[in-house]
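Both counts, for ligands and for their atoms, begin at 1 and track the order of listing. Note that this is a predicted model, so its numbers are computed, not measured. These numbers come from the heavy atoms of this one structure, side chains and all, not from hydrogens, waters or symmetry mates.
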Amino acid sequence: MTDTLVNDLAALEWDNRYTRDLPADPVDALDPEEPILPRQVTGASFTRTRPTPVAAPRLVLASGELAGRLGLDVDALATEPNVSALAGNTVLPGMDPFAMNYGGHQFGNWAGQLGDGRAIALGEIVDGDGDHHMLQLKGAGPTPYSRRADGRAVLRSSIREFLCSEAMFHLGVPTTRALSLVRTGDDVVRDMFYDGNAAPEPGAIVCRVAPSFVRLGTFELPTSRGDTDLLRTVTEAAIRHSYPHLVADDGAVTETAIAAFVTEVVQRTARLMADWMRVGFVHGVMNTDNLSILGVTIDYGPYGFLDDVDPDWTPNTTDFGQRRYRYANQPRVAGWNLARFASALVPLMDGTDELQAALDGYFPAYSDAFLATQTAKLGVGVRPEDTDDGRHDPLVTDLWELLPKVETDFTRTFRLLGSADLIDTDGVDRTWDALATDVFYRPEQLDDEITSAWRSWLERLAERVRAEGREPAERQAAGDAVNPIYLLRNWLSQEAIDAATAGDEEPLRRLFDVVRDPFTERAGLEHYAGRRPDWARNAPGCSTLSCSS
Ligand code: AMP
Ligand code: MG
């Protein structure tokens, strides 16, 4: 960690290894004379390009922990020259702004070149530990990859991205971070419901931070164009930057290293999927351009957290037809995306055996991670004798059969089960009573059959807890440390968005505070631990979100 914090972004140590090590588009749109026109960019990984200034930037939120990690005093972010830099109005010394080039499969179909259409990276900061952090402005204006869109982002989606990045971090889910949220003072026109009623909305810019923003689709694009030289350069740089332990002593990136790279991406993604399932997160747009090679959550759009347990739920209205990216399908879709990634690397390999072996590791890794996270949520250990094949625990599998039968709140159920005192003889009765009042949206759905199924499942959990003999207090502490009480539910975000749009940013700041400590129950925060209220059941922004952002 850096001991002294600086108060100027330009005073940090910038080391722009991405633009140094990767081939640039010969068109340099940092030059103010160069028009920024949408085009196909071949033979290059990025285009230098300038952010487009905004009318009246004002800092709304900043992440103190992240600023500290970067060596910045968070209070200084609201002052100049930082606000101007975080709004794209000024490019500070040390920065080298650019948009990345990548492709992707969208909803299962190859979409060709996509690229950073509304993201402009400013460059990379090296922190006190020597780690690189790329800073990227989302919504900073058009780039050569904007296609027909404007390169901007609206306040509501920027609030959602900022809050969720930080919420996920504090939930222990790997994610890109958010340093700042700036209102631009400009309006952005969006057709939120895709019904022909476009309207102006306040614009905003989030500064996202990650060690790397390279996506699975980064490798697919050169391969789709038969550009093996570029593919090799991109792959070697990704390994040197993000997986340096795979580089041979003589500095070479061998075929073995590439296979190991794929293995690590596969393993990390498998664990990420188990983490999403653990917190009830639905990404909403799991296209290959929206999956990171670091196995971190990236590109928060029409995402959501489960209120009631509905394995088929997706908040994304664009996906209502096939529900490809529904909650329970995410692990499978990630496997499919990883197969596209591995296929893209085939031109660099002699055969496909090693890549296939890496992919074959996906589902076992996912199952292991799922078992570990789910048993932890239930406050029990993993014992091989409790599983049917070393990987699946019927206690978990049967609970997942039960949960969707009636409308059951995901987060509150696990918070209760993971800490319930089941050692003593009335434990099951008390736990059932607590469930009955706390987690079911429509208690009238509880018929005798479901009630008795629940009670016999609780008996099994109690038997297991008794067999393990853990102290109730210890079990409760462990359960509460993995089952959040406060979650960034869509309706909570929507309340904060509505208030901020109307000029009151206090609810937004309060929500940000709450989600930074999701596991510790605190007095006065009952609202944030509550079930989804009725008004939010079918409300836009809550149960449904469009990609219009
Ligand atoms: P997504 O799947 O939402 O991450 O975005 C898919 C592609 O569309 C990416 O290449 C984005 O950069 C691009 N895109 C999305 N919204 C805009 C926008 N308002 N302006 C320019 N490009 C955009
Ligand atoms: Mg994207």
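Taking the ring centre of Tyr325 as origin, the terminal cationic atom of Arg323 falls outside the region bounded by 6.0 Å and 45° from the ring axis. For the pair Arg332 and Trp336, the cation-pi criterion (under 6.0 Å, within 45° of the ring axis) is not fulfilled.
Taking the ring centroids of Phe162 and Tyr300, they lie at or beyond the 6.0 Å cut-off. Annotation: Phe341 is in aromatic contact with Phe261 [ring centroid separation under 6.0 Å].
Proximity of a side-chain donor or acceptor of Tyr145 to a complementary backbone N or O of Tyr102 within less than 3.5 Å is not detected. Although no hydrogens or angles enter the test, the distance criterion places a donor-acceptor pair under 3.5 Å between the side chain of Asn16 and the main chain of Gly94. At least one donor-acceptor pair closer than 3.5 Å links the side chain of Glu124 to the backbone N or O of Arg17. The closest donor-acceptor contact from the side chain of Tyr243 to the backbone of Ala238 lies at 3.5 Å or more, if one exists at all.
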Expected rows: ligand 1 N/O, protein N/O, dist below 3.5 Å:
residue  : atom   : partner : partner atom : Å
ligand 1 : 2 (O)  : Asn290  : ND2          : 3.1
ligand 1 : 4 (O)  : Asn290  : OD1          : 3.1
ligand 1 : 4 (O)  : Asn290  : ND2          : 3.4
ligand 1 : 4 (O)  : Asp299  : OD2          : 3.1
ligand 1 : 8 (O)  : Arg147  : NH2          : 2.8
ligand 1 : 10 (O) : Gly115  : O            : 2.6
ligand 1 : 12 (O) : Gly115  : O            : 3.3
ligand 1 : 12 (O) : Gly117  : N            : 2.7
ligand 1 : 16 (N) : Arg118  : NE           : 3.3
ligand 1 : 19 (N) : Asp150  : OD1          : 3.2
ligand 1 : 19 (N) : Arg152  : O            : 3.3
ligand 1 : 19 (N) : Arg190  : NH2          : 3.3
ligand 1 : 20 (N) : Gly151  : N            : 2.7

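Closer than 2.8 Å to the Mg ion (ligand 2) sit the protein N, O or S atoms Asn290 OD1, Asp299 OD2.
Arg160 and Asn490 are linked by a side-chain donor-acceptor pair at a separation below 3.5 angstrom, with hydrogens and angles left out of the test.
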